[in-house]
Amino acid sequence: MFSFIKIVLRNLIRGPSTEPYPFGKASAPKGLRGKVKFDAHNCVACRMCEHVCAGGAIQFSEVPDKSGLKFTLWHNTCAFCGLCEYYCPTKAIHLTGDYHTAHLQKDKYGYVETGLVKYQPCANCGTPMVPVSPRLLSLAYGQVNGDIARLTHLCSECRRQICDPVSSNRSEVK
Ligand code: SF4
Ligand code: SF4
């Protein structure tokens with residue numbers, strides 16, 4: 001009896017040992033696979049994340065005015081497997097520690113993460129192209145010198161022509 005009172009008193013003094021969630025903040029454990037975040041700025045539109053997505057939660061589609069590619073991820077369909085982050089070459093997609101995924105059934109189709117990878121015109125021929133991600137450049141080259149920086153503003157065809165000295169179609173690229 002005495003030891004029981006001791007335990008009660010000790011717990012009263014210590015206070016609650018559980019998180020007060022949802023009435024207060026609760027910390028996410030390290031490594032928790034929570035809601036997915038997308039960073040359009042560093043995306044190279046390789047669509048690997050869409051390809052490997054276990055839940056079929058990711059879709060890329062060209063926007064109606066053809067100014068870029070829209071990324072959509074349905075949180076409701078995501079299985080939090082982490083494959084998208086694992087295979088993304090630039091880590092433009094990653095899982096966060098945000099576990100707040102409760103939502104109403106009527107909101108399930110609107111419960112999405114979206115982003116727009118905007119095309120930019122090739123500096124030489126004007127063809128719309130996916131911009132080269134700054135993170136990809138720094139991963140590939142570390143320091144980016146002037147020549148490489150210039151090439152990143154060219155579409156793949158113009159780059160091929162300028163870099164291939166034996167190309168029969170070689171043309172002058174500014
Ligand atoms: S988020 Fe990553 S894997 Fe997905 S398309 Fe962009 S660069 Fe590729
Ligand atoms: S965590 Fe898995 S299921 Fe969720 S978007 Fe990424 S690949 Fe798809």
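Model, not experiment: these values are computed from the prediction. Read the numbers this way: they start at 1 and go in the same order the structure lists the ligands and their atoms. We number each residue from 1, following the sequence as shown. These numbers come from the heavy atoms of this one structure, side chains and all, not from hydrogens, waters or symmetry mates.
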Inset, instruction - Decide if atom OH of Tyr21 counts as having more than 12 heavy atoms of other residues, nucleotides or ligands within a radius under 6.0 Å. - result: yes

Inset, instruction - Provide the number and element of each atom of ligand 1 under 4.0 Å from a heavy atom of Thr90. - result: 7 (S)

Inset, instruction - List for me each residue that meets salt bridge (Lys or Arg N to Asp or Glu O under 4.0 Å) alongside Lys91, sequence neighbours excluded, and say none if there are none. - result: none

Inset, instruction - Could you list which atoms of ligand 1 come closer than 4.0 Å to a heavy atom of Phe60? - result: 5 (S)

Inset, instruction - Considering only non-hydrogen protein atoms, determine which one is nearest to atom 7 (S) of ligand 1 and report residue, atom name and distance to 0.1 Å. - result: Val44 N, 3.4 Å

Inset, instruction - Determine, using heavy atoms of Phe71 and all atoms of ligand 1, whether some pair is separated by less than 4.0 Å. - result: no

Inset, instruction - Please test Ser27 against Glu19 for side-chain hydrogen bond (donor to acceptor under 3.5 Å, both in side chains), starting from the C-alpha separation and ending with a verdict. - result: CA-CA 8 Å; Ser27 52; Glu19 307 256 23; 3.1 Å; yes

Inset, instruction - Run through the protein N/O/S atoms less than 2.8 Å from atom 6 (Fe) of ligand 2 and write them out by chain and number. - result: Cys84 SG

Legend entry - Contact partition for Ser133 relative to ligand 1, non-hydrogen atoms under 4.0 Å: neither

Legend entry - Contact with ligand 1 for Tyr87, non-hydrogen, under 4.0 angstrom: no

Legend entry - Any donor-acceptor pair under 3.5 Å from Glu113 side chain to Phe38 backbone: yes

Legend entry - Check ion pair Glu62-Lys70 (N to O, under 4.0 angstrom): no

Inset, instruction - Please write down residue, atom name and distance for the protein heavy atom closest to atom 1 (S) of ligand 1. - result: Phe38 CE1, 3.7 Å

Inset, instruction - Scan Met129, Arg160, Gln161 and name whichever one has a side chain to side chain contact (heavy atoms under 4.5 Å, CB included) with Cys155. - result: Met129

Inset, instruction - Around atom 6 (Fe) of ligand 1, find the nearest protein heavy atom and jot down its residue, atom name and distance. - result: Cys43 SG, 2.3 Å

Legend entry - Heavy-atom nearest neighbour in the protein, as seen from atom 8 (Fe) of ligand 1, with distance rounded to 0.1 Å: Cys46 SG, 2.3 Å

What donor-acceptor contacts under 3.5 angstrom involve side-chain atoms of residues 136-145, with partners at least two apart or in another chain?
unit_1	atom_1	unit_2	atom_2	d
Ser138	OG	Arg135	O	3.4
Asn145	OD1	Asp147	N	3.2
Asn145	OD1	Ile148	N	3.0

Inset, instruction - Among all protein heavy atoms, pick the one closest to atom 5 (S) of ligand 1 and tell me residue, atom and distance. - result: Arg47 N, 3.0 Å

Inset, instruction - List the closest protein heavy-atom neighbour of atom 2 (Fe) of ligand 1: residue, atom name, distance to the nearest 0.1 Å. - result: Cys88 SG, 2.3 Å

Legend entry - All salt bridge (Lys or Arg N to Asp or Glu O under 4.0 Å) counterparts of Arg47, not counting sequence neighbours: Glu50

Inset, instruction - Kindly compute the distance separating SG (Cys49) from OH (Tyr86), expressed to the nearest 0.5 Å. - result: 16.0 Å

Inset, instruction - Check whether more than 12 heavy atoms from other residues, nucleotides or ligands sit under 6.0 Å from atom NE2 of His51, and answer yes or no. - result: no

